[in-house]
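What follows is one structure encoded as structure tokens, with my remarks underneath.
All heavy atoms count here, side chains included; hydrogens, waters and symmetry mates do not. Owing to the predicted nature of the structure, the values given are computational and were not obtained by experimental measurement. In the text below, chain A, chain B and the rest are named by the order of the sequence lines, each starting its count at 1.
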Protein chains: 2
Amino acid sequence: MTATDGGANDGGAGSRAGSGDGGTGPGGDTVAAVVRQWRAVHPDLDTGPMEIIGRINRCAALLQQAEDAPLRRAGLSRAEFDLLGALRRTGHELTPGELARETFSSGAAVTKRLKQLTERGLVERRGDTRDRRVAHVRLTDTGRDLVDGILPEQLAYESAVLSGVDGPRQGELAALLGGLLGQLEGRLDALRA
Amino acid sequence: MTATDGGANDGGAGSRAGSGDGGTGPGGDTVAAVVRQWRAVHPDLDTGPMEIIGRINRCAALLQQAEDAPLRRAGLSRAEFDLLGALRRTGHELTPGELARETFSSGAAVTKRLKQLTERGLVERRGDTRDRRVAHVRLTDTGRDLVDGILPEQLAYESAVLSGVDGPRQGELAALLGGLLGQLEGRLDALRA
DNA sequence: AACAAGTGTTTTACCTGTAAATCAAATGTC
DNA sequence: GACATTTGATTTACAGGTAAAACACTTGTT
């Protein structure tokens, strides 16, 4: 769900007025409505996890749509911007493999993106002299300027999107999410095994 | 990012040990590391939004990978499960259009999924008698049993994934996310315009 | 030195999603 | 009652993404 944004990532959630039940109203967000539906059908199940995971997934879907807007104006997909951003923020050259790890995508995807970004003159490649398998990728001046130009817009846009939540709550949210993410990044490999 | 899961949804984030900087350590999660990198390069920018949006996106990516596991065992993609789940939790037939709205995906995607799920005998269709454009889709007994069999596993799995966060914090997180989501669902159309 | 095994990158084949065009049927308008 | 408009669903063309295979090169072993 990146390019044009996907859709079906709801953690068992997903809902909308659809037929007749009007907007969200004072009953909560759409995920709350979905959880209510599930509870009506399976009163025995603990739907607690949905209230977190469903909401994270739904927020992510909505935020990505929103975020894409400023990027699209610059003719970049989010995946492309992530790649360029990785080069910009690290400040040094990266190999395709490193870029794949940095952007959490497959090597094949990085290869394709690099091809396009190179054609557009945003990145350059140079072969390693020691190990002739590896390439080193760096931003061109154009690429650097593009990232530096977009980033402030992007952040301003994100600020606007979050403006409905007051300052202190934003802080709490960031902290709690940081805690969760730390747990997930640490434990996930373990759980998957 | 669903079928096999997407990847590059980071909100300007994305990071991993990559070369040599070891695990996450007591410095925070990977998003915190990315934010530090950005601040080093652009000390003037307000990176606050990244700490929320970047984390939501990254959590969503990780959670979806994790969630996929129990579904995959049942031979379903998340998108397919979302569709079946919508039918199960509403308890009545839905038209393709309603299913698209429920699962936040395009009509074309629903058409394709319905074709596959029908072939697998998990859903059935019936034409509307009044309006011959519309179809009504319902779960077969097999489909219903499949959903009912998977759902508890799914929730148990999600519980396990969240178990690193203690009870009270889970509650706070759910509430804060609910607030954010409510804002986003209400205001997003406005912002996009 | 030859060769097995490993590593970094790219290629291939395929799958799934979207947007836009198309088809089909209902509905409003004159 | 014919005709433009709208609405529901499907088809088409295409853009990415992945997994697995293929390459190219390096490194360890004997």
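- The side-chain contact (heavy atoms from CB on, under 4.5 Å) search around A/Arg130 returns A/Asp128, not counting sequence neighbours.
- Rounded to an integer number of Å, the gap from A/Gln116 CD to D/dG17 P is 8 Å.
- Remark: P of C/dT16 and CZ of B/Arg78 are 16 Å apart, rounded to the nearest angstrom.
- Among residues two or more places apart in sequence or in another chain, the side-chain contact (heavy atoms from CB on, under 4.5 Å) test is passed with A/Arg73 by A/Pro70, A/Glu153.
- At the heavy-atom level, A/Gly97 lies under 4.0 Å from the strands shown only through sugar-phosphate atoms.
- Under the 4.5 Å side-chain criterion, counting only non-hydrogen atoms from C-beta, B/Leu180 is in contact with A/Leu162.
- The neighbour count for A/Asp166 CG, taken as heavy atoms of other residues, nucleotides or ligands under 6.0 Å away, is above 12.
- Across D/dG17, D/dT10, C/dG17, the shortest atom-to-atom separation from the side chain of B/Pro96 is found for D/dT10.
- Distance CD (B/Gln64) to P (C/dG17): 13 Å, rounded to an integer number of Å.
- In the interface, the side chain of A/Lys112 is paired with the base of D/dT18 through a donor and an acceptor atom under 3.5 Å apart.
- Atom P of nucleotide C/dT7 and atom CZ of A/Arg101 are separated by 12 Å, given to the nearest angstrom.
- Looking at residues two or more places apart in sequence or on another chain, you find a salt bridge (charged side-chain N to carboxylate O under 4.0 Å, His left out) between B/Asp131 and B/Arg133.
- A/Thr111 has no side-chain polar atom (N or O) that falls below the 4.0 Å cut-off from OP1 or OP2 of C/dT11.
- One can place CZ of B/Arg126 at 16 Å from C1' of D/dA9, the figure rounded to the nearest angstrom.
- In this entry the distance linking CG of B/Leu83 with P of D/dA9 reads 13 Å, nearest Å.
- Residues forming a salt bridge (charged side-chain N to carboxylate O under 4.0 Å, His left out) with B/Asp44 (at least two apart in sequence, or on another chain): none.
- A residue-by-residue look at B/Arg125 and A/Ala109 shows that B/Arg125 has its nearest nucleotide of DNA chain D further toward the 5' end.
- A search for side chain to side chain donor-acceptor pair (under 3.5 Å) contacts involving B/Asp145 returns nothing, not counting sequence neighbours.
- Atom pair A/Leu99:CG and C/dT9:C1' shows a separation of 12 Å (rounding to whole Å applied).
- Separating the CZ atom of A/Arg72 from the C1' atom of C/dT18 is a distance of 10 Å, rounded to the nearest angstrom.
- Heavy-atom nearest nucleotides on DNA chain D were determined for B/Leu114 and for A/Glu80, and the one closer to the 5' end corresponds to B/Leu114.
- In the region residues 127-137 of chain B, proximity to DNA chain C at under 4.0 angstrom, judged on heavy atoms, holds for B/Arg130, B/Asp131, B/Arg132, B/Arg133.
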